> 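For reference, the structure I am asking about is given below.
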Amino acid sequence: MGFLDDAKKKLGEAVENAKDFAGDATENIKSFASDAQEKIGEKIDEFKHGEDGEESEEAEDEA
């Protein structure tokens, strides 16, 4: 029965390692998604401000 006990212990350790890995992977994905969302927001703001800046420059040229 020593073989089965050892196999059960090793399987339990493997499951715990998989849970830890999955938890770490989940945190990494959340962090990546958050960073991506922030950068997309920044690019949208840059685009909006770029358009506003161009419009105001054109308005100044016409005046």
Side-chain angles (χ1 to χ4, degrees):
M1 286 258 190
F3 173 76
L4 292 178
D5 290 336
D6 287 345
K8 183 178 177 182
K9 182 179 176 184
K10 293 285 184 188
L11 182 58
E13 291 172 0
V15 168
E16 288 301 315
N17 288 338
K19 286 180 183 178
D20 290 342
F21 177 78
D24 291 345
T26 300
E27 289 302 315
N28 288 340
I29 291 168
K30 286 180 182 178
S31 176
F32 175 78
S34 177
D35 290 347
Q37 185 176 16
E38 184 177 332
K39 288 184 184 204
I40 289 169
E42 290 172 0
K43 290 297 179 183
I44 290 171
D45 288 344
E46 287 176 16
F47 180 75
K48 285 181 180 178
H49 293 297
E51 284 186 348
D52 292 344
E54 290 173 9
E55 289 175 6
S56 64
E57 288 175 10
E58 289 173 4
E60 289 175 6
D61 291 342
E62 291 176 1

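Small disclaimer: the values here were computed from a predicted structure and weren't measured. Numbers for residues simply follow the sequence, beginning at 1.
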> Scan the side chains in residues 13-30 for donor-acceptor partners under 3.5 Å anywhere in the protein, sequence neighbours excluded, and list what turns up.
{"unit_1": "Asn17", "atom_1": "ND2", "unit_2": "Glu13", "atom_2": "O", "d": "3.4"}
{"unit_1": "Thr26", "atom_1": "OG1", "unit_2": "Ala22", "atom_2": "O", "d": "2.8"}
{"unit_1": "Asn28", "atom_1": "ND2", "unit_2": "Asp24", "atom_2": "O", "d": "3.4"}

> Report the hydrophobic cluster partners of Ile44, with the cluster defined as I, L, V, M, F, W, Y residues connected by side-chain heavy atoms closer than 4.5 angstrom, directly or transitively.
Ile40

> Residues two or more places apart in sequence or in another chain: which of them pass salt bridge (Lys or Arg N to Asp or Glu O under 4.0 Å) with Lys43?
Glu46

